[in-house]
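Below, each value reflects all heavy atoms present in this structure, side chains not excepted, and no hydrogens, waters or symmetry copies.
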Amino acid sequence: EIPGAPGKYFYVWLDAPMGYMASFKALCDDRARGEHPLKFNDFWAADAQGRTELYHSIGKDITYFHTLFWPAVLKGAGYRVPDAVFVHGFLTVDGAKMSKSRGTFIMASTYLAHLGPEYLRYYFAAKLGPGIEDIDLNLTDFVARVNSDLVGKFVNIGSRAIPFITKHFGGALLPPDPASAQARTEATAAIAAAFEARRYSDAVRQIMKVADDINAFVDQHTPWQLAKQMGDDAAKKAELHRVSSEIVHGFHALAIWLTPILPRTGERVAQELFGLDREFRWDDIELAPTTVAPYQHLLTRIDPLKVNAMVDASKDNLPQVGVETLPAIEGGPLVSQCTLDDFQKVDLRIARIAKAESVEGADKLLKLTLDLGDHGLRTVFAGIKSAYHPATIEGRYTVMVANLAPRKMKFGTSEGMVLAAGPGGRDLFLLSPDSGVKAGMKVK
């Protein structure tokens, strides 16, 4: 409740960022007397702008609050504003909102009971950019991409070269080829720039491009054939040493680049294979390793059966946490047929939501002012409040029944109906036409 304003309340969008500040203050207090003390004002004071960096990462449904209202609150309270706000879209599963009946309402604990976290981190990073596009967790693509990229490309490089180095050369690596080392330095700068700009999908694309090039190098020089043919041939043995060393240096670079996404795997590579007593740092790319330890198994392919088990477990667990399951037939059975004449009596029009606002005293209703172009404005009371915040739908286009008889309600007169799908509550979805439509267009 707002002090001095009985019956008026701060919403969670204001509580939450204050909580983030408070948690950072607690961290600073905890480290105040440590080896590397943190000072709250070094990051949050008004004069900290330009000396330290502050970023906010949010979902697109709270953009207004965190780019307009919250910076105003910070400035008015004497604090700095963020250097940038990174806004992300929503997460869908298999192309749709998370569904309880299909088992794709997946809880983190259920996922972790079946699969490792770094698989999901990689898949999200491969799709995530600085924009507000939604991310789809397509479970079939998830399995294929992780198995192809992380196992078939990344760890496969290490497993195809390290055994030759440890078996035939005591783990000693030759220095990298200068041209290859320079190419990796240039790639490091480009990948770092993508990470800094939060273009994670771009970073993954560049990393996997290098992995493809290294695998092509492996296939071209066939170290396994050199190992079979070398015998006492010093030239072939030297060639095997050179080729295998180049492959391992490439694997070393890939592991460093992927560490922000796969921290546990990167740490294992650093410690178990390259003998560091710490995790990788970004500038380790300039320190070419001189030795490598025997190869250790790093990642296994995702078994689709585990994904199926996770989906089944999601279905089974939901009733235990008090989540109501949906009927077996989505939306219920089809209604009886109508004639074309019946259908043509309904005038469906494209409408732009010019304004959306809560209705005082109504828990489920939003008051929508709909722009029908040449046909003017209409007021519609829609029961979509549990699924949409007013600020998130203003400006978007939807479909409305334009010739529905006006209905007088307690809060005013509703002059139509917007179209939505779903069982209701939070599982409700406004219909959205493709881009390019104009307000007032007839739906045919």
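- Counted within 6.0 Å of CD1 on Ile132, heavy atoms from surrounding residues, nucleotides or ligands total 12 or fewer; the atom is thus considered open.
- Within the 4.5 Å cutoff, the side chain of Val85 has no heavy atoms near those of the Trp70 side chain.
- Asp149 has no carboxylate O lying under 4.0 Å from a charged side-chain N of Arg205, or vice versa, which leaves the two without a salt bridge.
- Asn215 has its side chain within reach of Ile157: a pair of non-hydrogen atoms, C-beta onward, lies under 4.5 Å apart.
- The distance from atom NE2 of His249 to atom CD1 of Ile285, rounded to the nearest 0.5 Å, is 11.0 Å.
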May I have the step-by-step check of side chain to side chain contact (heavy atoms under 4.5 Å, CB included) for Asp177 and Glu246, ending in yes or no? CA-CA 7 Å; Asp177 174 74; Glu246 276 302 305; 3.3 Å; yes
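- Between Lys25 atom NZ and Asn41 atom CG the span is 8.5 Å, to the nearest 0.5 Å.
- The pair Asp341-Lys345 does not count as a salt bridge, with every side-chain nitrogen at least 4.0 angstrom from each carboxylate oxygen.
- Ring orientation note: the planes of Phe280 and Phe274 are tilted relative to one another, at an angle of 30° to 60°.
- Here the CE-CG distance, from Met310 to Leu112, works out to 10.5 Å after rounding to the nearest 0.5 Å.
- In this structure a side-chain-to-backbone donor-acceptor pair under 3.5 Å is present from Glu394 to Ala356.
- Between Leu368 atom CG and Met400 atom CE the span is 9.5 Å, to the nearest 0.5 Å.
- The structure places CZ of Arg268 at 15.5 Å from CD of Glu279, a figure rounded to the nearest 0.5 Å.
- The neighbour count for Met417 CE, taken as heavy atoms of other residues, nucleotides or ligands under 6.0 Å away, does not exceed 12.
- Between Asp42 and Lys39 no salt bridge is recorded (no basic side-chain N to carboxylate O distance below 4.0 Å).
- Judged by distance alone, with hydrogens and angles left aside, the side-chain atoms of Arg199 form no donor-acceptor pair with the main-chain N or O of Leu128 at under 3.5 Å.
- Between Lys438 and Asp374 no salt bridge is recorded (no basic side-chain N to carboxylate O distance below 4.0 Å).
- Shown here for Thr67 and Thr63, the closest heavy-atom pair between the two residues is OG1-O, 2.6 Å.
- More than 12 heavy atoms of other residues, nucleotides or ligands lie within 6.0 Å of CD in Glu1, so this atom counts as buried by the packing criterion.
- Ion pairing between a basic and an acidic side chain is recognised when a charged N comes within 4.0 Å of a carboxylate O; Arg264 and Glu267 show such pairing.
- Annotation: Tyr55, atom OH; neighbour count of heavy atoms from other residues, nucleotides and ligands within 6.0 Å is above 12.
- Defined by atom type and a distance below 3.5 Å, a donor-acceptor pair is present between the side-chain atoms of Thr52 and Arg80.
- In this structure, Phe24 and Phe40 have tilted ring planes: the angle between them lies in the 30° to 60° band.
- Within 6.0 Å of OH on Tyr79 lie no more than 12 heavy atoms contributed by other residues, nucleotides or ligands.
- Side-chain N or O atoms of Glu357 include none that pairs as donor or acceptor with a backbone N or O of Pro390 at under 3.5 Å.
- Proximity of a side-chain donor or acceptor of Lys127 to a complementary backbone N or O of Asp136 within less than 3.5 Å is detected.
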(request) Carefully, step by step, assess Leu377 and Leu370 under the rule side chain to side chain contact (heavy atoms under 4.5 Å, CB included). (result) CA-CA 5 Å; Leu377 301 177; Leu370 302 178; over 6 Å; no
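- Within the 4.5 Å cutoff, the side chain of Ile191 has heavy atoms near those of the Ile207 side chain.
- Between Lys385 and Leu365, the shortest heavy-atom distance links the atoms CD-O, 3.6 Å.
- Judged purely by atom type and a 3.5 angstrom limit, Asn147 has no side-chain atom pairing as donor or acceptor with the backbone of Arg301.
- Side chains of His56 and Leu54 form a contact here, defined as non-hydrogen atoms less than 4.5 Å apart.
- In summary, Asp347 and Arg349 engage in a salt bridge, as defined by a charged side-chain N under 4.0 Å from a carboxylate O.
- Nearest heavy-atom pair, Phe381 versus Phe411, reported as atom, atom and distance to 0.1 Å: CZ-O, 3.5 Å.
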Trace of the side chain to side chain contact (heavy atoms under 4.5 Å, CB included) decision for Leu273 with Phe251:
CA-CA 11 Å; Leu273 296 180; Phe251 174 73; 3.8 Å; yes
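- Glu118 approaches Pro263 most closely through the heavy-atom pair OE2-N, 2.9 Å.
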* Please report the C-alpha distance between Phe124 and Tyr200 in whole Å, then the side-chain angles of each, then the deciding distance to 0.1 Å, and finally whether the ring-ring contact (aromatic ring centres under 6.0 Å, His included) criterion is met. => CA-CA 9 Å; Phe124 284 166; Tyr200 304 111; over 10 Å; no
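- Taking the six-membered ring where the residue is Trp, Phe69 and Phe65 present tilted rings, their angle falling between 30° and 60°.
- Checked by atom type and distance alone, the side chain of Arg31 never pairs as donor or acceptor with a backbone atom of Asp29 at under 3.5 Å.
- Judged by distance alone, the side chain of Asn156 and the main-chain N or O of Lys153 form no donor-acceptor pair under 3.5 Å.
- Judged by distance alone, the side chain of Asn138 and the main-chain N or O of Asp94 form no donor-acceptor pair under 3.5 Å.
- With no hydrogens or angles considered, no side-chain donor-acceptor pair links Asp61 and Tyr388 at under 3.5 Å.
- In this structure, Lys60 forms a cation-pi arrangement with Phe90, its terminal cationic atom sitting closer than 6.0 Å to the ring centre and no more than 45° off the ring axis.
- Between the side chains of Ser432 and Arg396, at least one donor N or O lies within less than 3.5 Å of an accepting N or O.
- Taking CZ of Phe86 as the reference point, atom CD1 of Ile58 lies at 11.5 Å (rounded to 0.5 Å).
- In terms of modelled atom types and a separation under 3.5 Å, the side chain of Ser180 and the main chain of Pro176 share no donor-acceptor contact.
- Nearest heavy-atom pair, Arg184 versus Trp257, reported as atom, atom and distance to 0.1 Å: O-CZ2, 3.6 Å.
- Among all heavy-atom pairs drawn from Ala439 and Tyr397, the shortest one is N-CE2, 3.8 Å.
- Using a distance-only test at 3.5 Å, with no hydrogens or angles considered, a donor-acceptor pair links the side chain of Thr398 to the main chain of Leu431.
- Figure legend: Arg145 and Tyr119 shown without cation-pi pairing, the cationic atom not lying both under 6.0 angstrom from the six-membered ring centre and within 45 degrees of its axis.
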